[in-house]
**Q** 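Handing you this structure, nothing more for now.
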Amino acid sequence: ADTKVYRASTTAPVNIAVVKYWGKRDTKLNLPTNSSLSVTLSQADLRTLTTASCSAAFAHGDTLTLNGEPSDVAGPRTQACFRELRARRAALEAADPSLPKLSSMALSIVSENNFPTAAGLASSAAGFAAFVQAIANLYELPDSPSQLSIIARQGSGSACRSLFGGYVAWRAGDKQDGSDSMADLVAPASHWPNMRALILVASAAKKGVSSTAGMQQTVATSGLFQHRVASVPASMVAMEQAIKQRDFAVFAEVTMRESNSFHACCADTYPPIFYMNDVSRAAIRAVEAINAAAGKTVAAYTFDAGPNCVVYYLDEDAAAILGAFSAVLGGVTGWKYGSAGTVSSVKLDG
Ligand code: PMV
């Protein structure tokens, strides 16, 4: 009998959206109400490393270890990823009987972030992307990154954008089965090599309202949300064009308006959801002050489902931006500016 342990590893990057995914039109398949677009952060700074192994000799069912701790695999999202990947491997095995029957073996997945999971930075995107890519590598699937993004999307929506580096769009699609709701590459990072991201950790606390619950409440109770959904296609067009033309001012304006629009919808839910705090708002004012002092837009803020701020800027403005943040926010309680791992300026990936 085949008692060999088969193994493959991969890493996946974190992505931060500049056009936000917020709202599901299908909660089971993680189909979004609108398309979104993200920028990939450097894997030297933030990444998930995942090893997938399988063996007929494993005396357990599928297991998942996250940062050294056993983690539940019974959730429907994780199960959907296992099921889809196994089905693809089983199809290869059916077509070529000489292949080892990996699809019927238990899987052991070991995953590790090189950044503190508790830092409140989006980790599910890199996590599910690495999970899917590692198993796809183990199974030697011929699927393209876009095809794998359809599977990762079912783990966590934003994960579909972490199958690529650089500037990545997630096309909402309109099919009911989700077969056209996938990610594609808008431009590699090398297209705009001087783009940078500054991460300001306002709070390391775990987020109060999960993205799934927040989206559900927004779709169900916010009137403003319909207006937002109608406005996203124009933001996608403007953002893609800004990236293609390396137009930072337009990139920045769409990024900030998009973040504002998403958080306005959260405040418009009933009861309201507040992801940003006083420290987040201080960061917004700091970006506005930096841009006013520069006489042009050199910095753009964005916030996800938590208080931490990501600031996009160009490398030539690094001194002004990093200096201004230390001056403006250095004294604000809540910012741990300068201490290891809480504020970092990262390059972009892919
Ligand atoms: O992928 P999820 O379910 O964790 O949702 C992510 C939602 C935001 O981070 C707020 C926006 C985005 O597009 O990443």
Side-chain angles (χ1 to χ4, degrees), residues 12-41 46 48 66 75-78 80-81 113 117 119-132 149-164 167-172 178 181-184 186 197 199 202 206-219 222 225 228-229 231-232 235-236 239 254-267 269 273-276 280 301-310 312:
V14 167
N15 73 75
I16 302 290
V18 289
V19 175
K20 301 294 186 189
Y21 154 49
W22 196 253
K24 301 180 203 247
R25 64 174 205 271
D26 181 316
T27 50
K28 212 169 147 252
L29 289 170
N30 268 348
L31 299 180
T33 50
N34 56 266
S35 295
S36 57
L37 199 151
S38 61
V39 182
T40 309
L41 304 187
L46 305 162
T48 301
L66 289 182
R77 308 247 177 96
T78 306
C81 293
N113 296 328
T117 306
L121 295 165
S123 56
S124 70
F128 270 109
F131 179 101
V132 168
S149 81
I150 293 179
I151 305 178
R153 186 203 75 223
Q154 296 172 58
S156 168
S158 57
C160 75
R161 299 185 310 238
S162 276
L163 267 311
F164 296 86
Y167 301 81
V168 185
W170 172 11
R171 314 290 173 187
S181 188
M182 62 177 107
D184 64 55
V186 172
I199 299 167
K206 240 178 111 63
K207 59 189 166 195
V209 180
S210 74
S211 54
T212 296
M215 288 185 205
Q216 195 271 329
Q217 190 174 315
T218 306
V219 173
S222 167
F225 178 69
R228 164 173 168 69
V229 167
S231 77
V232 172
S235 302
M236 284 292 289
M239 181 56 81
V254 176
T255 296
M256 292 186 279
R257 284 183 179 276
E258 259 293 312
S259 178
N260 295 348
S261 155
F262 151 45
H263 290 280
C265 288
C266 291
T269 64
I273 300 169
F274 302 115
Y275 287 119
M276 290 192 284
S280 314
Y301 57 79
T302 188
F303 299 82
D304 283 338
N308 299 333
C309 184
V310 173
Y312 287 111

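As the structure lists them, so they are numbered: ligands from 1, and atoms in each ligand from 1.
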**Q** Any nitrogen or oxygen of Lys24, main chain or side chain, under 3.5 Å from a nitrogen or oxygen of ligand 1?
**A**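 Looking only at distances, the answer is no, because the N/O contact criterion of under 3.5 Å is not met.
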
**Q** Please check this pair: side chain of Ser149 against backbone of Met182, looking for a donor-acceptor N/O pair closer than 3.5 Å.
**A**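 Absent.
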
**Q** Could a heavy atom of Trp170 be found less than 4.0 Å from some atom of ligand 1?
**A**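 Trp170: no contact with ligand 1 (<4.0 Å).
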
**Q** Heavy-atom distance to atom 5 (O) of ligand 1: which of Glu258, Met215, Lys20 wins?
**A**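 Among Glu258, Met215, Lys20, the closest heavy atom to atom 5 (O) of ligand 1 belongs to Met215.
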
**Q** Who are the ring-ring contact (aromatic ring centres under 6.0 Å, His included) partners of Trp170, not counting sequence neighbours?
**A**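 So Trp170 forms a ring-ring contact (aromatic ring centres under 6.0 Å, His included) with Tyr21.
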
**Q** For Ala17, counting its heavy atoms only, list the atoms of ligand 1 lying under 4.0 Å from any of them.
**A**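 The list of qualifying atoms is 12 (C), 13 (O), 14 (O).
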
**Q** Judged on heavy-atom distance to atom 3 (O) of ligand 1, which of Gly306, Ser211, Ser124, Gly157 sits nearest?
**A**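 Heavy atom nearest to atom 3 (O) of ligand 1 belongs to Ser211.
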
**Q** In terms of atom number and element, which parts of ligand 1 are under 4.0 angstrom from non-hydrogen atoms of Trp22?
**A**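 Heavy-atom distances to Trp22 below 4.0 Å select 10 (C).
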
**Q** Can you find an N/O atom of Tyr21 closer than 3.5 Å to an N/O atom of ligand 1?
**A**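 Yes, at least one N or O pair falls under 3.5 Å.
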
**Q** Number the atoms of ligand 1 from 1 as they appear, then name those within less than 4.0 Å of a heavy atom of Phe262, with their elements.
**A**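 Result: 10 (C).
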
**Q** Among side-chain atoms of Ser36 and Arg161, is any donor-acceptor pair under 3.5 angstrom?
**A**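 Side chains of Ser36 and Arg161: pair found under 3.5 Å.
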
**Q** Would you say the side-chain atoms of Thr302 and Lys20 include a donor-acceptor pair closer than 3.5 Å?
**A**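 Present: a donor and an acceptor within the cut-off.
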
**Q** Nearest non-hydrogen contact with atom 9 (O) of ligand 1 belongs to which option: Ile16, Val19, Asn15, Asp304?
**A**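 Heavy atom nearest to atom 9 (O) of ligand 1 belongs to Asp304.
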
**Q** Between Asn308 and Tyr275, is there a side-chain donor-acceptor contact under 3.5 Å, judged purely by atom types and distance?
**A**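 Not at all, the side chains of Tyr275 and Asn308 share no donor-acceptor pair under 3.5 Å.
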
**Q** Under the salt bridge (charged side-chain N to carboxylate O under 4.0 Å, His left out) definition, can you give me all pairs with a residue in residues 25-37, not counting sequence neighbours?
**A**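 Non-adjacent pairs meeting salt bridge (charged side-chain N to carboxylate O under 4.0 Å, His left out): zero.
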
**Q** Might you point out which heavy atoms bring Ser162 and Asn15 nearest each other, and give the distance in Å?
**A**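 Here Ser162 and Asn15 meet closest at OG-ND2, 2.8 Å.
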
